[in-house]
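Shown next, in structure tokens, is the structure this report addresses.
Residue numbering restarts at 1 for every chain, and letters A, B, ... go by the order of the sequence lines.
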Amino acid sequence: MPTYNPKVIEPRWQRFWDEHKTFRTPDDSPKPKLYILDMFPYPSGAGLHVGHPEGYTATDILARYRRMKGWNVLHPMGWDAFGLPAEQYAIQTGTHPRVTTQKNIATFRRQIKMLGFSYDWDREVDTTDPGYFKWTQWIFLELYDTWFDHEAGRGRPIAELPIPADVQAQGAAAVRAYVDGKRLAYQALVPVNWCPELGTVLANEEVIDGKSERGGHPVVRMPLRQWLLRITDYAERLLADLDLVQWPDAIKKMQRDWIGRSEGAEVDFPLAGDNVPSHDRQPTAIEDQRPKIGNHIRVFTTRPDTLFGATYMVLAPEHPLVDRITTPGQRQAVEAYKAETARKSDLERTELAKTKTGVFTGAYALNPVNDEPIPIWIADYVLVSYGTGAIMAVPAHDERDFEFAQEFRLPIRPVVRPPQAWFRTTKVYNVLARMWEDKDQRFDADRLANPGSTVETLSNFELAVVSFASRMSERFGRNSDKIAEQLYEHRVELFECFADEGAAINSGPFDGLATAEFKRQITAWLAEQGRGQRKVNYKLRDWLFSRQRYWGEPFPILHEVDAAGQPTGAVVPLTVAELPLTLPELEDYQPSGKPEPPLGKARDWVEVTRGGKRYLRETNTMPQWAGSCWYYLRYLDPRNDQAFADPARLRRWLPVDLYVGGAEHAVLHLLYARFWHKALYDRGHVPGPEPFLRLVNQGMILGETEYTAFRKANQPLAWVSAGEVDFDGDVAVHKKSGAKLELVKLNEDQIEKKGDSFVLKDQPSLRIDARAYKMSKARGNVINPDDVVEDYGADSLRLYEMFMGPLEATKPWSLSGVEGVYRFLNRVWRLAVDERAERLTLLDSVQDVEPDKETLRLVHRTIQRVTDDLEAMAFNTAISAMMELTNHLTRQTVRPRSALRTLVLLLSPFAPHLAEELWRALGGHAQGGHAQGGQETLAYEPWPAYDPALLKTDTVDIAVQINGKLRGVVTVPADIDAAGLEKLALSDDKIRGQLVGKTVKKVIVVPGKLVNIVVG
RNA sequence: GCGUGGUUAGCUCAUUGGUAGAGCGCUAGGCUCAGGACCUAGAAGUAGUGGGUUCAACUCCCGCACCACGCUCCA
């Protein structure tokens, strides 16, 4: 056993930590608290991936480090175990998802424990455990019981919702509808992303380019009754409170973009003519989700200052007004266009956006600022889901409207005068400049007067500019700025679209106003006239919260039915005492192929009679996000069956001090969790407004770098250089010929670096492709952590994952890198242990002596570097520092025990098994007796401290530059002053020789660093 | 198309505007029957590219190229 054998020591220490509950976290410790959280995994059937241990190792290192620094660290782990794969497996095999899930959890738990993480396993949670989802359901009921008071800016109990008198007057049903329309959890008939393949609807966020995020199945849109969560009510606070957290700027930006706040105005354009039905009915609560219907078209604009430039309007093809306003003559064209749009997937709608399409409805609206009739079109570049689903088009000042107007020859009216700087970048300005110069007489007035001579030398564009400019020059001379301005006002079609801010023109009484001021005034005017109002719009949509699946949390909701079995619309929530509502057992999990949830098959479960009334249970289930929205709260009190967590514990541990996970959750999970947290906060259940104080995203780990050469198919010698190839990782195409090329995978020893690319060793003129790819089964480059642990041990895997590079970076896996850190751990082992001994014995060279000066300095320097690097989460450089110290100590024939003990403590958060073993060999704790785990573990040893006085050296090497070029190095006492340093540098033989015959103009002295002599 | 981050030794990365470094890998020698491991020594750099600021630029500013990630008709 004297050689380093992770297979023996790692399981032994894991058992030790388990049996002694070394990492159990007391809730009542006097030490300062620290909550270090990992994003818990979805336990898939494929087992742990090397990406998981990356973040988990980083947090484990910090947790272990902080414990040694005297903090009471909460570091838990659990399972996000509801979700599609287990259910898909059930459909295929008939195995209950619970069985599959428990099996997968067992695998994940084994794999994670095998890596020696210091979790408090007494706090393990599982989102599929009824004891857990009881409280997921409870939180849903809290949301159901909450409305958002926009005046107060916070959620309040539904009992406090004021009911308007006119609603009250309409009776109980109206009041119920009104209240239900205000709840944070509400039902609506909404167009959903129905995925026939998966048998479920998906959230917008789960649909990418018209396909499901998981599996890439096609998605179609259809209306369905759904549960939604009113996250949009919290948009403002979700945005503002980003200022309260220490997250990467990139993630904050992604959340801001996702919320997509824009300020502007809603403006009503009255419909012109008599093609509008005069009756106007109250929209129902469900219709309230859709654009307003009335005798006007309501639009949202961020540029109300351009209202005078609105020359047409566009409705989304799905806009409810379309059918009502379309004139008989246009109906056929409109219907055809609508059908065409409906056929297109979202992907096609955006990809084919190169040329704008649309159809005139035949109807007109009146511009509210000047009562001018403008045509109403439909076009798919207007989205029904954003704003009001309708726009006013200002082609002069909006790129999309500009393109559309050009396509359909609609009028363009400039209402904003661009600044001079912009004019100077235009083609018009360029023509004007050439016209004044007129080197080649092309713009000569006499020749212009004679049409025959100009046609072939001037383009139509030039001709238009020139003819207008020559008239203008009577008034403005050769002032291009003035003339361009005039041209813009009268011949705007000669310009590109200008979408920025400027001064108002062609806007009646508002002419001359700057954009910002114009916006203020026109918005006030619109409000006064009852034609519009200030409006803040969000890209964020309400959160579609139901899934037509089996393996998810059932909604704790009953729908009342009448004697005929038809729903009355009344909804009754379960009481807390009735929770958890568990899933019924099913015979089969096969989706029906229709959007009816599988739970509907469990009739006994669905049909409920209470108090003489009949009810049906809600058969939708919650999405996977639900359980992960609040798991960090449950860790604080995982077995509590009276509350989701004890308030005192919530106060003690929140917020999470550090949250580490993949950037793929940058928007969805983190936004949803923040939303729930804020709702809970408003209802007084959690102590602060934000759940996660600090967030760090680990980067992705790619497969090993692959080297690929290309050659023409069936021509073994017809190589093609990588520069001439379009290669996406799978298919290579010859740029010139368009021919598909054959790929040849190369080994590292077949290639070499030449310049900034790799070439074939045998044929150095042939460049090859070198890149690393995402790990995937299809590519066959997946690394299994089990294999790495089997071959090198958990400590090597941990250390390597941290040594690969900065935590946040994307980086390729390298087997030789793993071997490198494994050899490093072997060297550390051999620093202390006699490999030839039968039992664990220290080498004779390990002695109780004072370290020499250099060793002592290096030890303290290493403590400083490792400590600073840990604070900065720069694990890779910390490891590098320990390697340097190890290499130094290896060279010593006498190794001071104290130096080794320090190294072992520094290394212990990274490679805890090896460190524990060596710590024990080196004598363990001097006094003995620890609060937790006894004296036999180093887990609570004080972290080494360094003495700044010991970091200093007696002498330093100073660079001497002449005119900024290094010309010599002088060794001087470390504490020399500037004057002394200058004198020493100037008197250095080498430097004196260089200065012969030159005048010293200036000497720059930076004590401790360098001397720069500037000569003439 | 827009935004963010990046480009330093073969690889992965360090480098408060002041002498370009580390680890791994590589090469040679030692040890070994040999290989591996180990020990010793060594080579390896126009800091992507072009400008600017400065006594001095890898570092600050601007342009370009390439890579990664995010957003993408959001009115």
Side-chain angles (χ1 to χ4, degrees), chain A residues 3 248-251 253-254 257-258 260-262 264 299-303 306 314 349-354 356 379-383 385-394 397-401 403-404 499 537-541 663-664 666-667 697 699-700 702 705 748 751-753 756 758 770-772 800 803-806 808-812 814 816-821 823-824 826-827 830 835 865 869 874 876-877 879-884 886-887 890-891 956-970 1001-1006 1008-1015:
Chain A
T3 53
D249 287 342
I251 302 297
K253 190 181 180 309
M254 281 164 67
D257 288 350
W258 193 263
R261 182 184 196 276
S262 55
V299 303
F300 172 73
T301 176
T302 55
R303 292 295 301 267
T306 61
V314 185
R349 263 177 89 155
T350 49
E351 265 206 348
L352 299 175
K354 284 176 184 111
K356 296 265 183 290
D380 65 2
Y381 82 92
V382 172
L383 308 175
S385 55
Y386 183 77
T388 61
I391 61 157
M392 64 173 201
V394 184
H397 305 294
D398 182 284
E399 291 283 355
R400 297 150 299 180
D401 300 343
E403 281 174 34
F404 191 81
N537 227 323
Y538 300 94
K539 215 166 88 176
L540 184 67
R541 311 253 63 89
E664 66 272 22
V667 177
N697 291 118
M700 203 191 335
L702 305 174
T705 306
E748 239 172 298
I751 57 160
E752 63 185 357
K753 181 100 176 188
D756 50 6
F758 284 93
R771 67 177 97 168
Y800 174 64
F803 188 53
M804 290 173 85
E808 295 94 329
T810 302
K811 46 220 172 240
S814 154
S816 62
V818 183
E819 282 167 355
V821 296
R823 282 205 290 272
F824 163 66
N826 271 286
R827 276 204 298 282
R830 286 193 311 268
E835 288 194 287
R865 285 175 66 185
D869 284 347
N876 54 330
T877 50
I879 294 166
S880 187
M882 290 186 282
M883 285 174 167
E884 285 176 53
T886 301
N887 289 349
T890 298
R891 286 188 287 267
V956 286
D957 292 339
I958 298 291
V960 184
Q961 299 179 335
I962 296 175
N963 285 350
K965 298 266 189 315
L966 185 67
R967 289 289 179 255
V969 176
V970 291
K1001 288 167 77 175
K1002 193 174 170 186
V1003 180
I1004 290 131
V1005 182
V1006 183
K1009 293 285 187 183
L1010 63 47
V1011 176
N1012 188 13
I1013 303 159
V1014 185
V1015 300

request  = State the pairing partner of B:G35; accept Watson-Crick or G-U wobble contacts with both distances under 3.5 Å, and report none otherwise.
outcome  = none
inquiry  = Using atom C1' in both nucleotides, what's the gap between B:C26 and B:C66 to the nearest angstrom?
reply    = 28 Å
message = Would you measure the distance from the C1' atom in B:G36 across to the matching atom in B:U49 and give it in whole Å?
response = 45 Å
ask   = Which part of the nucleic acid, if any, lies within reach of A:Thr890 when heavy atoms closer than 4.0 Å are counted: base, sugar-phosphate only, or nothing?
value = sugar-phosphate
note = Rounded to whole Å, the CD-C1' distance (A:Gln961 to B:U19) equals 8 Å
task = When you get a sec, tell me which of B:A14, B:A75, B:A22 is the closest nucleotide to the side chain of A:Phe300?
result = B:A75
request  = May I ask you to say what A:Ser814 touches in the nucleic acid, namely base, sugar-phosphate or nothing, with a heavy-atom cut-off under 4.0 Å?
outcome  = nothing
key: Interatomic distance where CG belongs to A:Asp249 and P belongs to B:G70 [whole Å]   = 18 Å
query = What is the nucleic acid contact for A:Glu884, judged by heavy atoms within less than 4.0 Å: base, sugar-phosphate only, or nothing?
reply = sugar-phosphate
ask   = If we only count heavy atoms from C-beta on, is the A:Thr301 to A:Ile391 side-chain gap below 4.5 Å?
value = no
inquiry  = Just to be sure I understand the rule, does A:Lys253 reach a base, reach only the sugar-phosphate, or reach nothing, if contact means heavy atoms closer than 4.0 Å?
reply    = sugar-phosphate
remark   = Which of B:A14, B:C55, B:A75 is nearest the side chain of A:Thr877? It is B:A14
task = Answer yes or no: does a side-chain N or O of A:Thr388 lie under 4.0 Å from OP1 or OP2 of B:A75?
result = no
query = Ignoring hydrogens and angles, are the base of B:C55 and the side chain of A:Lys1001 linked by a donor-acceptor pair under 3.5 Å?
reply = no
ask   = Counting only N and O atoms by type, is there a donor-acceptor contact under 3.5 Å from the side chain of A:Asp398 to the main-chain atoms of A:Asp401?
value = yes
inquiry  = Looking at A:Asn887, I'd like to know whether one of its side-chain N or O atoms comes within less than 4.0 Å of OP1 or OP2 on B:G23.
reply    = yes
query = Contact class for A:Ser262 (heavy atom, under 4.0 Å): base, sugar-phosphate, or nothing?
reply = sugar-phosphate
query = Given atom CD1 of A:Ile879 and atom P of B:G23, what is their separation to the nearest angstrom?
reply = 14 Å
ask   = Contact class for A:Val1006 vs. all strands (heavy atom < 4.0 Å): base, sugar-phosphate, or nothing?
value = base
task = For A:Met254 and B:G5, give me the distance from atom CE to atom P, rounded to whole Å.
result = 14 Å
remark   = On RNA chain B, more 5' by nearest nucleotide between A:Gly820 and A:Thr705 is A:Thr705
request  = Could you measure between the two C1' atoms, the one in B:G18 and the one in B:C60, and give it in whole Å?
outcome  = 14 Å
ask   = Nearest to the side chain of A:Thr810 - B:G18, B:C73, B:A68?
value = B:A68
inquiry  = Could you tell me how far apart A:Arg830 (CZ) and B:C31 (C1') are, to the nearest whole angstrom?
reply    = 14 Å
Contact check, side chains of A:Arg865 and A:Met882, non-hydrogen atoms, under 4.5 Å = no
key: Mate of B:A28 where both pairing distances stay under 3.5 Å, Watson-Crick or G-U   = B:U40
inquiry  = What's A:Gly260 touching, base or sugar-phosphate or nothing? Going by heavy atoms closer than 4.0 Å.
reply    = nothing
query = If you measure from the C1' atom in B:A22 to the same atom in B:G29, how many Å do you get, rounded?
reply = 24 Å
request  = Say whether, by atom type as modelled, one donor and one acceptor occur between the side chain of A:Arg303 and the main chain of A:His397 under 3.5 angstrom.
outcome  = no
inquiry  = Classify the ring geometry of A:Phe300 against A:Tyr386: parallel below 30°, tilted from 30° to 60°, perpendicular beyond 60°.
reply    = perpendicular
request  = Quote, to the nearest angstrom, the C1' distance that separates B:A20 from B:C13.
outcome  = 14 Å
task = For B:G45 versus B:C58, give the span between their C1' atoms, rounded off to a whole number of Å.
result = 11 Å
ask   = When you measure from the side chain of A:Lys811 to the backbone N and O of A:Pro806, does any donor-acceptor pair fall under 3.5 Å?
value = yes
inquiry  = Using the side chain to side chain contact (heavy atoms under 4.5 Å, CB included) definition, which of the options A:Ile958, A:Val970, A:Val1006 pairs with A:Val1011?
reply    = A:Ile958
ask   = Considering only B:A14, B:U19, B:A75, which nucleotide approaches the side chain of A:Pro806 most closely?
value = B:A14
key: A:Asn1012 side-chain proximity, nearest of B:A56, B:A75, B:U19   = B:A56
Rounded P spacing from B:C69 to B:G10 in Å = 25 Å
query = If you check every side-chain atom of A:Phe803, which of B:A37, B:G23, B:C73 has the closest atom?
reply = B:G23
message = Checking A:Asn537 against A:Ser262: is there a side-chain donor and acceptor pair closer than 3.5 Å?
response = no
key: Distance in angstrom units between A:Trp258 CH2 and B:U72 C1', rounded   = 12 Å
Base-pairing assignment for B:C60 (Watson-Crick or G-U wobble, both under 3.5 Å) = B:G52
task = Would you kindly give the NZ-to-P distance between A:Lys811 and B:C13, to the nearest whole Å?
result = 8 Å
request  = For B:A44 versus B:G21, give the span between their C1' atoms, rounded off to a whole number of Å.
outcome  = 13 Å
inquiry  = Please tell me if A:Arg827 has a side-chain N or O lying less than 4.0 Å from either OP1 or OP2 of B:C24.
reply    = yes
query = Base, sugar-phosphate alone, or nothing: which one does A:Asn876 contact when heavy atoms must sit under 4.0 Å apart?
reply = sugar-phosphate
query = Roughly, in whole Å, what's the span from CD in A:Glu819 to P in B:C11?
reply = 19 Å
ask   = Considering heavy-atom distances to RNA chain B, does A:Arg891 or A:Arg865 have its closest nucleotide positioned more toward the 5' end?
value = A:Arg865
From CA spacing to verdict: side-chain contact (heavy atoms from CB on, under 4.5 Å), A:Glu808, A:Asn697 = CA-CA 6 Å; A:Glu808 295 94 329; A:Asn697 291 118; 5.5 Å; no
ask   = Is there a Watson-Crick or G-U wobble partner for B:U4 with both distances under 3.5 Å, and if so, which one is it?
value = B:A68
message = Partner lookup for B:A9, please. Criteria are Watson-Crick or G-U wobble with both distances under 3.5 angstrom; report none if nothing qualifies.
response = none
